[in-house]
Amino acid sequence: MSRIDFVTGAPERYIGEVRALAAVPDRLRLALAGQTDEALRRSPPGAEWSPVRVLAHLLSYARHSREFIYRIAWMEEPESVIWDEADEVEREGWERLGGAELLALIRSEIESTVALLSGTPDASWGRPGLHPIRGRRSLRQQVRGHIDHLEEHIGQIEAALTASGAASGAGSNG
């Protein structure tokens with residue numbers, strides 16, 4: 001049985017990874033559903049980041065991970081570029097945006113990555129790249145790590161919104 005769609009070059013063996021990544025924006029949309037921008041800017045007790053700051057992180061991470069994934073797919077053993085996320089978030093003004101705007105930007109980055117991966121043949125998923133912290137990683141490992149990282153932070157947003165809702169609701173009972 002062929003592992004490559006010879007007509008489109010699309011992955012067959014790794015289509016589950018592509019679909020999992022493609023589902024992330026909808027999962028994030030559900031996590032943000034019904035939340036006001038004010039609620040997204042509120043940091044829960046003991047949390048370092050507000051949900052908006054986590055969204056800004058996800059946007060920065062999705063942007064740079066897309067670039068690294070592209071480089072792994074097309075270059076010989078590329079190295080991941082280190083960036084100053086705090087500077088990027090400030091420069092781009094992402095913390096001043098609302099949840100819907102941030103979600104749209106994150107969706108765009110992820111859709112771009114999904115489009116790239118949708119045309120990447122199975123044979124390319126073993127191509128390596130060098131991550132400054134995780135060392136040598138295959139395209140498959142980078143994509144799986146990307147999905148896991150995004151999912152972890154969606155859970156963080158959900159927990160923060162639950163905690164903030166509980167904290168704001170606790171003081172409003174008469």
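When a residue number appears, it is its place in the shown sequence, counting from 1. Computed from a predicted model, the values in this text were never measured in an experiment.
Between atom CZ of residue Arg140 and atom CG of residue Leu117 there is a gap of 13.0 Å, rounded to the nearest 0.5 Å. The CZ atom of Arg96 sits 6.0 Å away from the CD atom of Glu90 when rounded to the nearest 0.5 Å. In this structure, Ser80 OG and Arg71 CZ are separated by 7.5 Å, a value rounded to the nearest 0.5 Å. Rounding to the nearest 0.5 angstrom, the gap separating the NE2 atom in His146 from the CG atom in Leu150 is 4.5 Å. Separation of atoms OG (Ser112) and CD (Glu67) is listed at 9.5 Å; rounding is to 0.5 Å. Going from atom OG1 of Thr120 over to atom CG of Asp122 covers 10.0 Å, rounded to the nearest 0.5 Å.
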Intermediate values then yes/no, salt bridge (Lys or Arg N to Asp or Glu O under 4.0 Å), Glu77 and Arg136: CA-CA 9 Å; Glu77 299 202 35; Arg136 195 165 189 234; 3.1 Å; yes

Mind running side chain to side chain donor-acceptor pair (under 3.5 Å) on Gln141 and His131 for me, showing each step along the way? CA-CA 11 Å; Gln141 289 170 316; His131 190 279; over 6 Å; no

For Arg127 and Trp74, run side-chain contact (heavy atoms from CB on, under 4.5 Å): C-alpha distance rounded to whole Å, both residues' side-chain angles, the deciding distance at 0.1 Å, then the answer. CA-CA 9 Å; Arg127 293 178 57 93; Trp74 292 103; 5.8 Å; no

side-chain contact (heavy atoms from CB on, under 4.5 Å) between Glu88 and Arg91, intermediate numbers included: CA-CA 5 Å; Glu88 180 179 43; Arg91 185 179 64 250; 3.7 Å; yes

Assess whether side-chain contact (heavy atoms from CB on, under 4.5 Å) is satisfied between Val81 and His64, documenting all intermediate values. CA-CA 8 Å; Val81 175; His64 293 279; 5.7 Å; no

Apply salt bridge (Lys or Arg N to Asp or Glu O under 4.0 Å) to residues Glu85 and Arg53 and explain how you reach the verdict. CA-CA 11 Å; Glu85 179 181 310; Arg53 180 58 179 95; 3.0 Å; yes

Evaluate side chain to side chain donor-acceptor pair (under 3.5 Å) for His149 paired with Glu152, printing each intermediate quantity in order. CA-CA 5 Å; His149 189 83; Glu152 178 183 331; 5.0 Å; no

Might you work through the side-chain contact (heavy atoms from CB on, under 4.5 Å) test for Arg144 and Asp148, ending with a clear yes or no? CA-CA 6 Å; Arg144 175 46 39 205; Asp148 291 346; 2.7 Å; yes

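Considering every non-hydrogen atom in both Ile147 and Ala20, the closest pair reads CD1-CB, 3.9 Å. Across all their heavy atoms, Ser43 and Trp49 have their closest contact at OG-C, 3.8 Å. Summarising the geometry of Ile69 relative to Gln142, their closest heavy-atom pair is CG1-CG, 3.8 Å, with the distance given to 0.1 Å. Counting all heavy atoms, side chain and backbone alike, Gly98 lies closest to Glu101 at N-OE1, 2.7 Å. Of all non-hydrogen atoms in Ser124 and Leu139, the two that sit nearest each other are O-CD2, 3.7 Å. Residue Ala22 comes nearest to Pro25 through the heavy atom pair O-CD, 3.3 Å, listed as atom of the first residue, atom of the second, then distance.
Using a 4.5 Å heavy-atom threshold, the side chains of Pro51 and Leu161 count as touching. A heavy-atom distance below 4.5 Å is found between the side chains of Ile72 and Pro78. Counting heavy atoms from C-beta on, the side chains of Arg107 and Arg29 come closer than 4.5 Å. With a 4.5 Å cut-off on side-chain heavy atoms, Arg63 and Glu92 count as touching. Contact of the Ile157 side chain with the Leu28 side chain is registered, since non-hydrogen atoms from C-beta on lie closer than 4.5 Å. Taking the side chain as every heavy atom from C-beta outward, Pro132 and Glu79 never approach each other to under 4.5 Å.
When hydrophobic clusters are built by joining Ile, Leu, Val, Met, Phe, Trp and Tyr residues whose side-chain heavy atoms come closer than 4.5 Å, directly or via intermediates, Leu30 is not grouped with Ile110. At a threshold of 4.5 Å between side-chain heavy atoms, the hydrophobic network of Ile, Leu, Val, Met, Phe, Trp and Tyr places Trp83 and Val89 in two separate groups.
Applying the 6.0 Å contact sphere to CZ of Arg19 captures no more than 12 heavy atoms from other residues, nucleotides or ligands. For OH of Tyr70, the number of neighbouring non-hydrogen atoms (other residues, nucleotides, ligands) closer than 6.0 Å is 12 at most.
With Leu55 as the partner, the side-chain contact (heavy atoms from CB on, under 4.5 Å) test is satisfied by one option alone out of Leu97, Leu105, Leu103, Leu32: Leu32.
Between the Ser118 side chain and the Val114 main chain, a donor and an acceptor come within less than 3.5 Å of each other. Using modelled atom types, one side-chain atom of Thr162 and one backbone atom of Glu158 make a donor-acceptor pair closer than 3.5 Å.
Phe68 meets the ring pair (Phe, Tyr, Trp, His ring centres under 6.0 Å) test with no other residue; sequence neighbours excluded.
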